[in-house]
Every structure is written in structure tokens, then in C-alpha cells.
Enquirer: 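Attaching a single structure in C-alpha cells format; questions to follow.
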Amino acid sequence: MRLQPGMVYLRLKKKVRISPGQRIRLGDIAQVLADEEAMPLVQLEVHHHTSPRDGNLVVIDVMDVIERIRRAYPGLDVRSVGPAQTIIETEERRRLPSAVSVALIWLLLFVGSGLALMNFHTDVSMKSVHQRIHYLVTGKHEARPLILQIPYSLGIGVGMILFFNHLFKRRFNDEPSPLELEMYLYEENLNQYVIDHEKSKKPPDGP
């Protein structure tokens with residue numbers, strides 16, 4: 001694709017993570033398509049370095065970006081495509097959790113999920129169901145129909161692995177798991193809330 005001289009296409013990224021104190025340049029927050037003479041503008045600083053007063057989330061609007069570009073390069077014809085805002089998230093240095101914390105959290109989740117499964121099976125009388133199925137198939141009453149209970153228990157684990165499409169770090173296919181979809185929708189809603197909240201904090205423009 002050959003661009004006309006002075007023509008710049010700009011697409012903001014939805015979200016960008018930066019280090020504390022990092023200066024924000026155009027190339028960090030947007031994809032830029034321009035001719036070779038205009039490409040130095042990717043180094044243009046579009047926002048001052050973030051400070052603790054700004055918080056860890058800052059919203060940059062595309063109109064502010066275009067205004068800065070036109071002040072620095074008056075002769076460029078800037079056209080925006082894609083999102084109208086980008087969210088800048090400052091990544092704080094995180095400490096690795098201790099082995100004791102990981103073990104306690106793992107134990108809590110393990111016991112909690114086990115109790116949830118046990119309570120569910122008690123509510124639906126799963127043991128009585130297995131006993132009834134065993135009697136219908138074999139004609140014999142069995143207090144502990146292990147021939148049904150063991151495959152059923154294994155099937156729950158296999159079904160959960162297939163449902164979440166993960167076995168440790170291994171994926172079975174490229175389809176996102178239901179958990180990944182929920183996390184994606186949560187992050188999209190969170191980003192939209194941050195954008196709307198930042199807009200509401202800005203004072204209205206004067207006459």
C-alpha cells in the first residue's frame with residue numbers, strides 16, 4: 001500500500017502496560033502507518049511520565065494524541081481508525097508469593113471444591129441413583145456400587161479437564177476455555193468502566 005506524502009493512519013491500542021516513570025511515546029500506544037519521512041513521529045511523546053498521583057490507570061484520548069501530533073508536525077494529515085481511547089496501566093513490581101502462601105491457597109481451593117462437589121451429590125442423592133442404576137442393570141442390590149462410582153469419579157476429572165481445555169500448561173486446541181472467555185469479558189467491561197469513569201472526572205469544556 002502506497003501512502004500519499006503527509007498522510008498518517010493511526011490506530012490506538014486498547015490497553016498498554018508500562019513501567020513506573022516510563023515516558024509514553026506514540027509508538028508505545030498506537031500502530032502508525034505513514035511514509036518514511038513521517039515515521040519519526042512514533043518517537044513523539046504524547047503523555048508525560050506517569051506519577052503516583054495519576055494512579056495506576058490513565059486514559060489517553062485519540063483527540064489529544066492528534067492535537068499533539070499536529071502541534072509537532074503541522075503539515076501531516078492524521079486519520080484515526082480503531083479505538084478512540086487507550087488505557088495505560090502502570091505495572092508495579094510484584095513479589096513472588098511464598099511457598100507457604102501457595103500451599104495454603106491450594107489447600108483452601110482443594111477443600112472448598114471438594115466440599116462443593118460432595119454437597120451437590122448429597123443434594124441430588126447421587127448414591128441412591130447409582131444404587132438404583134446398578135439394581136436395574138444387574139438385578140442385585142449393592143450398598144456401594146463401585147463399578148459405577150469409580151468410572152463416574154474419574155469422568156468428573158476428565159470432563160473438567162476437557163471443559164477448561166487445559167492440563168497444567170498444555171492446551172488441547174486453540175479454542176478459548178469458558179474461564180478465559182469470562183476473564184476476557186470481565187476485562188472488557190473493566191476497561192470500558194475505566195474509560196467512562198475518566199470521562200466523567202474531566203471538567204466540561206467551556207463555551
Side-chain angles (χ1 to χ4, degrees), residues 1-97 163-166 168-206:
M1 178 179 179
R2 187 173 182 179
L3 298 177
Q4 298 178 4
M7 182 76 69
V8 177
Y9 288 94
L10 187 70
R11 173 181 288 175
L12 293 183
K13 301 176 183 178
K14 288 186 178 181
K15 194 170 187 178
V16 178
R17 293 179 172 87
I18 64 172
S19 303
Q22 177 181 338
R23 294 186 179 273
I24 303 172
R25 307 183 187 278
L26 181 62
D28 298 328
I29 67 170
Q31 294 177 330
V32 180
L33 184 61
D35 57 14
E36 293 184 0
E37 294 182 359
M39 284 307 293
L41 67 86
V42 298
Q43 299 297 327
L44 176 66
E45 186 176 330
V46 295
H47 194 275
H48 60 81
H49 64 276
T50 58
S51 63
R53 183 182 59 184
D54 299 325
N56 66 324
L57 294 175
V58 175
V59 177
I60 298 180
D61 193 272
V62 68
M63 299 302 293
D64 297 331
V65 175
I66 293 177
E67 182 183 357
R68 286 178 178 268
I69 293 176
R70 288 185 172 175
R71 284 206 306 262
Y73 300 88
L76 294 181
D77 182 8
V78 184
R79 302 186 181 185
S80 173
V81 295
Q85 295 90 12
T86 184
I87 299 176
I88 307 298
E89 180 180 3
T90 304
E91 289 186 329
E92 300 293 340
R93 184 173 298 177
R94 297 180 179 178
R95 295 182 302 175
L96 293 176
F163 181 75
F164 287 105
N165 194 26
H166 270 87
F168 299 106
K169 293 185 178 181
R170 180 181 177 184
R171 298 174 63 97
F172 299 107
N173 52 55
D174 294 332
E175 294 182 1
S177 68
L179 181 60
E180 289 172 331
L181 287 177
E182 288 298 324
M183 292 299 296
Y184 173 79
L185 293 175
Y186 170 77
E187 186 171 358
E188 287 290 307
N189 292 332
L190 181 62
N191 292 342
Q192 189 60 47
Y193 171 81
V194 170
I195 291 173
D196 295 340
H197 185 64
E198 288 294 326
K199 285 182 179 178
S200 66
K201 291 196 302 185
K202 291 184 178 179
D205 297 334

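Keep in mind it's a predicted model, so treat the numbers as computed, not measured.
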Enquirer: Within this structure, what is the CD1-OG1 distance for the pair Ile18 and Thr90, rounded to the nearest 0.5 Å?
Expert: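 The CD1 atom of Ile18 sits 4.5 Å away from the OG1 atom of Thr90.
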Enquirer: Tell me, please, which residues at least two apart from Arg11 pass side-chain hydrogen bond (donor to acceptor under 3.5 Å, both in side chains).
Expert: none
Enquirer: Suppose we screen for side chain to side chain contact (heavy atoms under 4.5 Å, CB included). Which residues come up paired with Pro97, at least two apart in sequence or across chains?
Expert: Val102
Enquirer: Just verifying a value: how many Å separate Arg23 CZ and Asp28 CG, rounded to the nearest 0.5 Å?
Expert: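 Rounded to the nearest 0.5 Å, the CZ-CG separation comes to 12.5 Å.
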Enquirer: With sequence neighbours excluded, what pairs up with Arg25 under the salt bridge (Lys or Arg N to Asp or Glu O under 4.0 Å) test?
Expert: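 Here no residue qualifies.
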Enquirer: Mind checking the CD-CG spacing from Gln31 to Leu10? Nearest 0.5 Å is all I need.
Expert: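 Going from CD on Gln31 over to CG on Leu10, the span is 9.5 Å.
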Enquirer: May I ask you to test the Ile29-Val65 pair for a side-chain heavy-atom distance under 4.5 Å?
Expert: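 With C-beta onward as the side chain, the pair touches.
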Enquirer: So do the side chains of Val8 and Ile69 get within less than 4.5 Å of each other, counting heavy atoms only?
Expert: no
Enquirer: Can you find a heavy atom in the side chain of Ile88 that is under 4.5 Å from one in the side chain of Leu57?
Expert: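 Side-chain contact under 4.5 Å: no.
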Enquirer: Sequence neighbours excluded, which residues qualify as ring pair (Phe, Tyr, Trp, His ring centres under 6.0 Å) partners of Tyr186?
Expert: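 Expected list: none.
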Enquirer: Might you confirm whether atom CG of Leu185 has over 12 heavy atoms from other residues, nucleotides or ligands at distances under 6.0 Å?
Expert: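 Buried by this count: over 12 neighbours within 6.0 Å.
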Enquirer: With Lys14, which residues qualify under salt bridge (Lys or Arg N to Asp or Glu O under 4.0 Å), at least two apart?
Expert: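 Here the qualifying residues are Glu188.
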Enquirer: Would you mind reporting whether Ile87 and Ile60 have side-chain heavy atoms less than 4.5 Å apart?
Expert: no
Enquirer: Would you call Ser80 and Ile66 a side-chain contact if the rule is heavy atoms closer than 4.5 Å?
Expert: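 Side chain of Ser80 against side chain of Ile66, heavy atoms only: contact under 4.5 Å found.
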Enquirer: Report the distance from atom CG of Asp64 to atom CD of Gln85, rounding to the nearest 0.5 Å.
Expert: 9.5 Å
Enquirer: In the structure I gave you, are the side-chain heavy atoms of Phe163 and Pro178 within less than 4.5 Å of one another anywhere?
Expert: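 They are in side-chain contact.
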Enquirer: Say you draw a straight line from CG of Leu41 to CD of Gln43; how long is it, rounded to the nearest 0.5 Å?
Expert: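 Result: 9.5 Å between the selected atoms.
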Enquirer: Is Thr86 close to Val16 at the side-chain level, that is, under 4.5 Å between some pair of heavy atoms?
Expert: yes
Enquirer: Residues in side chain to side chain contact (heavy atoms under 4.5 Å, CB included) with Arg17, at least two apart?
Expert: Lys15, Glu89, Glu91, Glu187
Enquirer: How about Met183 and Glu180: do any of their side-chain heavy atoms sit closer than 4.5 Å?
Expert: no
